[in-house]
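To start, the structure under review is shown below, and the notes come after it.
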Amino acid sequence: MKRPFLGELEEVVLLTVAALQELAYCASITQTIDQQMARSISFPTVHTTLQRLEEKGFVSSQMGGATSERGGRQKRLFTVTVAGQRALIECRQVRSQLWEQIPTPVLQLWGV
C-alpha cells in the first residue's frame with residue numbers, strides 16, 4: 001500500500017501543529033501561518049486541511065475546554081501523530097537531499 005501523499009499546504013499546516021503543540025487549534029494555526037509565512041490563508045482552508053490530515057492519520061484531535069472568549073464553545077485541539085512525525089521527517093530528508101544536489105556555484109549565485 002502506498003503512503004498517503006503530503007502536499008505543500010498540508011506540510012505547512014502539519015509543521016505549524018507541531019510548533020504550536022498544545023495551542024494548536026484552527027484559529028491559532030491560521031494566525032501563525034499568516035505571521036510566519038507572510039501568506040494569507042483562510043480559516044476554512046486550514047479547517048479543511050486539518051480534516052484531510054486527520055483522515056490520513058497525520059493528526060488527531062480532541063475537544064478542549066470551553067472558554068468565555070468563544071461564547072462558551074470548546075476548541076478542537078490538534079496533535080501530530082506518529083505517522084505525522086514520520087511524514088514530516090521524510091519531507092525534511094527529501095528536501096535536504098534535493099538542496100544538497102544543487103551545485104555550490106549555483107547556490108552562490110543565488111546568495112545562499
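Heavy-atom basis, side chains included; hydrogens, waters and symmetry copies ignored.
Under the side-chain contact (heavy atoms from CB on, under 4.5 Å) criterion, T79 pairs with S60, sequence neighbours left out. Considering only residues two or more places apart in sequence or on other chains, R92 meets the salt bridge (Lys or Arg N to Asp or Glu O under 4.0 Å) condition with none of them. Considering only residues two or more places apart in sequence or on other chains, E54 meets the side-chain contact (heavy atoms from CB on, under 4.5 Å) condition with V59, S61, F78. Considering only residues two or more places apart in sequence or on other chains, S40 meets the side chain to side chain donor-acceptor pair (under 3.5 Å) condition with none of them. A19 meets the side-chain contact (heavy atoms from CB on, under 4.5 Å) test with no other residue; sequence neighbours excluded. Partners of Q36 under the side chain to side chain donor-acceptor pair (under 3.5 Å) rule, at least two apart in sequence or in another chain, do not exist in this structure. When the side chain to side chain donor-acceptor pair (under 3.5 Å) test is applied to R95, the partners found at least two apart in sequence or on another chain are E11. Listed by chain and number, the residues in a side-chain contact (heavy atoms from CB on, under 4.5 Å) with T16 are V12, L20, I29, T32, I33 (sequence neighbours excluded). Checked against salt bridge (Lys or Arg N to Asp or Glu O under 4.0 Å), E10 has the following partners two or more places apart in sequence or in another chain: R52, K56.
Residue Q74 holds its CD atom at 14.0 Å from OH of Y25, rounded to the nearest 0.5 Å. Between atom CZ of residue R76 and atom CD of residue Q51 there is a gap of 9.0 Å, rounded to the nearest 0.5 Å. Residue R86 holds its CZ atom at 10.0 Å from CZ of F58, rounded to the nearest 0.5 Å.
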Can you give me every donor-acceptor pair (side chain of residues 101-112, partner residue at least two apart or in another chain, under 3.5 Å) with its distance?
none

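Within the hydrophobic cluster formed by Ile, Leu, Val, Met, Phe, Trp and Tyr side chains joined at under 4.5 Å, directly or through other members, L98 is accompanied by V94.
The backbone N or O of G57 lies less than 3.5 Å from a partner atom in the side chain of T81, making a donor-acceptor pair.
Within the structure, every pair that satisfies the salt bridge (charged side-chain N to carboxylate O under 4.0 Å, His left out) test and touches residues 15-44, not counting sequence neighbours, is listed here: E8-R39.
M37 and V46 fall within a single hydrophobic cluster, where Ile, Leu, Val, Met, Phe, Trp and Tyr are joined by side-chain heavy atoms under 4.5 Å apart, directly or via other members.
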query = How far apart are the C-alpha atoms of L6 and L53, what are their side-chain angles, what is the distance that settles it, and do they pass the side-chain contact (heavy atoms from CB on, under 4.5 Å) test?
reply = CA-CA 9 Å; L6 188 62; L53 288 169; 3.8 Å; yes
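L14 is not listed as a side-chain neighbour of T49, based on a closest heavy-atom distance of 4.5 Å or more.
The heavy-atom pair separating S42 from T30 by the smallest distance is C-CG2, 4.3 Å. Closest heavy-atom contact between A18 and L88: CB-CD1, 4.4 Å. The two residues L77 and G64 make their nearest non-hydrogen contact at CD1-CA, 3.8 Å.
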